[in-house]
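Along the sequence shown, residues carry numbers from 1. Atoms within each ligand, like the ligands themselves, are counted from 1 in listed order.
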Amino acid sequence: KSGPVVAIDGPSGAGKSTVAKTLATAIDAAYLDTGAMYRAATLAVLNAGVDPSQTAQVTKAVKNAKLEFGTTPEDPFTRVDGEDADLAIRGDDVTKAVSAVAGNKSVRKFLIDEQRRIIADAKAGIVVEGRDIVSVVAPDADVKVYLTADPVERAKRRAAENGADANATAKDIERRDTADSKTTKPLEAPEGAVVIDSTTLPIVEVVAKILALLSNRE
Ligand code: C5P
């Protein structure tokens with residue numbers, strides 16, 4: 001039997017990446033950041049000089065690009081057309097354009113198929129983070145979590161991560177949550193998910209809760 005699939009959804013700044021990577025390392029499983037996949041697709045679109053709102057051209061640019069994703073939690077690299085993209089996918093240009101690209105139906109179908117392939121190939125199990133993992137990508141996951149936190153706390157964390165101003169970051173997160181709400185529902189707990197609020201809970205305790213869910217299953 002293959003290892004467990006753990007799905008973690010939640011809005012920006014809730015702590016998904018840190019929790020998912022720590023958990024994957026702890027259980028010797030693979031790790032997949034689906035947000036990085038939408039970001040990589042967006043970088044490919046910008047590199048091709050395509051306007052993110054041009055549906056057909058966006059789809060073509062994404063399908064023509066070579067997107068590669070590392071799934072070890074210690075080195076979850078992203079490459080676009082053979083080039084290391086870890087820094088570029090976190091930049092402002094990509095962050096501003098990603099909601100539009102992620103709203104493209106063909107792009108979503110293309111990336112969701114890829115996500116399902118990666119999950120099926122992960123024989124030792126996998127921790128997958130995103131916005132629609134529980135509801136769409138892997139509704140049969142062994143453990144399903146919705147990780148959330150107070151908006152002020154989320155903005156503070158993102159600002160600290162990026163060395164940015166907390167107020168500007170709060171506005172950016174709000175803008176992205178609103179734009180993303182047309183496509184996924186980042187601010188709503190998906191059906192069947194265990195809700196964990198990380199506002200005052202340290203990362204290690206969030207991870208411990210998910211480990212407990214894993215050992216209590218069935
Ligand atoms: O998680 P992160 O903030 O890196 O995600 C970047 C963007 O990718 C989100 O704002 C959203 O537009 C998109 N996304 C998505 N579905 C996912 C993960 C991310 O639409 N499962």
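Listed for the D142 side chain is no donor-acceptor partner under 3.5 Å among the backbone atoms of V6. Not one N or O on the side chain of K123 forms a donor-acceptor pair closer than 3.5 Å with the backbone of S2. Of the possible polar contacts, one joining the R154 side chain to the S12 backbone as a donor-acceptor pair under 3.5 Å is found.
By the 3.5 Å distance cut-off applied to N or O atoms, K16 is not counted among the residues near ligand 1. For T34, a nitrogen or oxygen atom sits less than 3.5 Å from a nitrogen or oxygen atom of ligand 1, counting backbone and side chain alike.
The protein atom (non-hydrogen) at minimum distance from atom 21 (N) of ligand 1 is D132 OD1, 2.8 Å. Among all non-hydrogen protein atoms, the one lying nearest atom 4 (O) of ligand 1 is R39 NE, 2.7 Å. The nearest heavy-atom contact from the protein to atom 3 (O) of ligand 1 is R176 NH1, 2.9 Å. Summary of contacts: the protein heavy atom closest to atom 8 (O) of ligand 1 is Y38 CB, 3.5 Å. Closest protein heavy atom to atom 12 (O) of ligand 1: D180 OD1, 2.6 Å.
For R90 and D33, the salt-bridge test passes: some basic side-chain N is under 4.0 Å from an acidic carboxylate O. Using a cut-off of 4.0 Å between Lys/Arg side-chain N and Asp/Glu carboxylate O, E161 and R157 are scored as not salt-bridged.
When K182, R131, R90, R175 are checked for heavy-atom proximity to atom 2 (P) of ligand 1, R131 turns out nearest. For atom 16 (N) of ligand 1, the choice among E129, R108, R158 with the nearest heavy atom turns out to be R108.
Close to ligand 1: V98, with a non-hydrogen atom less than 4.0 angstrom away.
A side-chain donor-acceptor contact under 3.5 Å links Y31 and E129. S99 and D180 share a side-chain donor-acceptor pair at under 3.5 Å.
The CD atom of Q54 sits 11.0 Å away from the CG atom of N104 when rounded to the nearest 0.5 Å.
Listed by number with element, the atoms of ligand 1 under 4.0 Å from a non-hydrogen atom of A102 are 12 (O), 13 (C), 20 (O). Close approach of ligand 1 to G130 (heavy-atom distance below 4.0 Å) involves ligand atoms 18 (C), 21 (N).
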